[in-house]
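These notes are about the structure you will find just below.
A note on names: the letters A, B, ... follow the listed sequences, proteins ahead of strands, and every chain is numbered from 1.
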Amino acid sequence: EAQVTQNPRYLITVTGKKLTVTCSQNMNHEYMSWYRQDPGLGLRQIYYSMNVEVTDKGDVPEGYKVSRKEKRNFPLILESPSPNQTSLYFCASSPNRLASTDTQYFGPGTRLTVL
Amino acid sequence: GENVEQHPSTLSVQEGDSAVIKCTYSDSASNYFPWYKQELGKGPQLIIDIRSNVGEKKDQRIAVTLNKTAKHFSLHITETQPEDSAVYFCAATTGFQKLVFGTGTRLLVSP
């Protein structure tokens with residue numbers, strides 16, 4: 001089944017404890033992206049990647065890191081999480097590097113709480 | 001950069017009624033306008049999109065209209081059903097890598 005998977009789905013952690021949220025797609029998509037969803041703010045892009053070893057900042061990259069060593073994986077790293085990073089996170093992928101004008105396929109989301 | 005405003009934030013309708021969600025965008029160069037539906041506990045899913053060379057697009061009970069002069073576009077759902085209950089997001093882009101989303105509309109369809 002073609003899909004985007006994220007792990008974990010739920011995570012409660014404490015301030016400063018490094019964490020990684022994994023994202024994997026099995027559709028051989030070139031484009032991958034991370035969003036955070038907050039009430040009243042919609043979906044905001046954190047980072048995106050147009051291909052292996054190519055990443056770039058979105059609208060809200062502060063406090064986050066990403067890597068794209070393989071085409072299928074795009075982990076989101078929080079080196080020192082803070083409470084303002086409590087949010088619902090979505091990974092997405094798209095077949096075309098010009099993903100802005102192509103369908104994006106979203107994962108099921110990761111709900112992160114930072115205490 | 002692009003800014004997308006979406007209204008209303010919540011919308012309650014009776015089953016069988018129509019629902020309309022409106023979005024405005026700021027960048028006149030934007031040329032692609034998708035709509036995503038997010039069901040509870042799931043990620044957003046594309047339901048319909050429109051490009052700037054088209055004024056209206058329909059797919060069964062859903063339709064999207066685009067007014068480039070006024071820089072706004074709308075989602076129309078006719079004969080609403082309980083399974084239409086979800087959060088709907090509009091988005092806009094000029095064609096570069098970033099897609100800018102609206103703040104979402106929570107649609108509740110009551111039986």
Quiz prompt | Heavy-atom contacts under 4.5 Å, residues 53-84 of chain B to chain A | solution = none
Quiz item: Under 4.5 Å, heavy atom to heavy atom, which residues of residues 102-111 of chain B contact chain A?
Solution: B:Gly102, B:Thr103
Quiz item: Does any non-hydrogen side-chain atom of B:Cys90 lie less than 4.5 Å from one of B:Tyr88?
Solution: no
Exercise. Counting only heavy atoms closer than 4.5 Å, note whether A:Leu41 contacts chain B via side chain, backbone, both or neither.
Key: backbone
Quiz item: Passes salt bridge (charged side-chain N to carboxylate O under 4.0 Å, His left out), A:Lys65 versus A:Glu79? Steps please.
Solution: CA-CA 8 Å; A:Lys65 286 175 57 177; A:Glu79 294 270 2; 2.9 Å; yes
Quiz item: Within a strict 4.5 Å, meaning less than it, do heavy atoms of the A:Ile46 and A:Tyr35 side chains meet?
Solution: no
Quiz item: Side-chain contact, heavy-atom cut-off 4.5 Å: B:Val4 with B:Glu2?
Solution: yes
Quiz item: Checking A:Arg9 against chain B: side chain, backbone, both or neither under 4.5 Å from a heavy atom?
Solution: side chain
Quiz item: Counting a contact as any heavy-atom pair under 4.5 Å apart, which residues of residues 106-115 of chain A contact chain B?
Solution: A:Phe106, A:Gly107, A:Pro108
Quiz item: Are any of the side-chain heavy atoms of A:Arg44 and A:Asp38 separated by less than 4.5 Å?
Solution: yes
Quiz prompt | Part of B:Tyr36 lying under 4.5 Å from any heavy atom of chain A | solution = side chain
Practice problem: Taking all non-hydrogen atoms of both residues into account, name the closest pair between A:Ser93 and A:His29 and its distance. | Solution: OG-ND1, 2.7 Å
Quiz item: Where do A:Tyr64 and A:Trp34 land on the side-chain contact (heavy atoms from CB on, under 4.5 Å) test, with the steps shown first?
Solution: CA-CA 10 Å; A:Tyr64 305 93; A:Trp34 277 102; over 6 Å; no
Quiz prompt | Flag for A:Ser33-A:Gln45: side-chain donor and acceptor within less than 3.5 Å | solution = yes
Quiz item: Minimum heavy-atom separation for B:Gly43 to A:Phe90, with atom names?
Solution: CA-CE2, 3.4 Å
Exercise. Determine the minimum heavy-atom distance between A:Gly58 and A:Pro61, stating which atoms define it.
Key: O-CD, 3.7 Å
Quiz item: Is any side-chain heavy atom of A:Pro81 less than 4.5 Å from a side-chain heavy atom of A:Leu19?
Solution: yes
Quiz prompt | Contacting moiety of A:Gln37, where chain B heavy atoms sit under 4.5 Å | solution = side chain
Practice problem: Please report the shortest heavy-atom distance between A:Arg36 and A:Thr86, naming the atom on each side. | Solution: NH2-O, 3.5 Å
Quiz item: What part of B:Pro44 gets closer than 4.5 Å to chain A, counting heavy atoms only: side chain, backbone, both or neither?
Solution: both
Exercise. Could you work out the complete set of other residues in the hydrophobic cluster of A:Met27, with links drawn between I, L, V, M, F, W and Y side chains under 4.5 Å apart?
Key: A:Val4, A:Tyr105
Self-check item: Electrostatic pair A:Arg68:A:Glu53 at N-O distance under 4.0 angstrom
Solution: no
Self-check item: B:Ser30 to B:Phe33 - nearest heavy-atom pair and separation
Solution: O-CZ, 3.5 Å
Quiz item: At their closest point, which heavy atom of A:Ser49 faces which heavy atom of A:Phe74, and how far apart are they?
Solution: CB-CE1, 3.6 Å
Quiz item: With a 4.5 angstrom heavy-atom cut-off, which part of B:Gln6 approaches chain A: side chain, backbone, both or neither?
Solution: neither
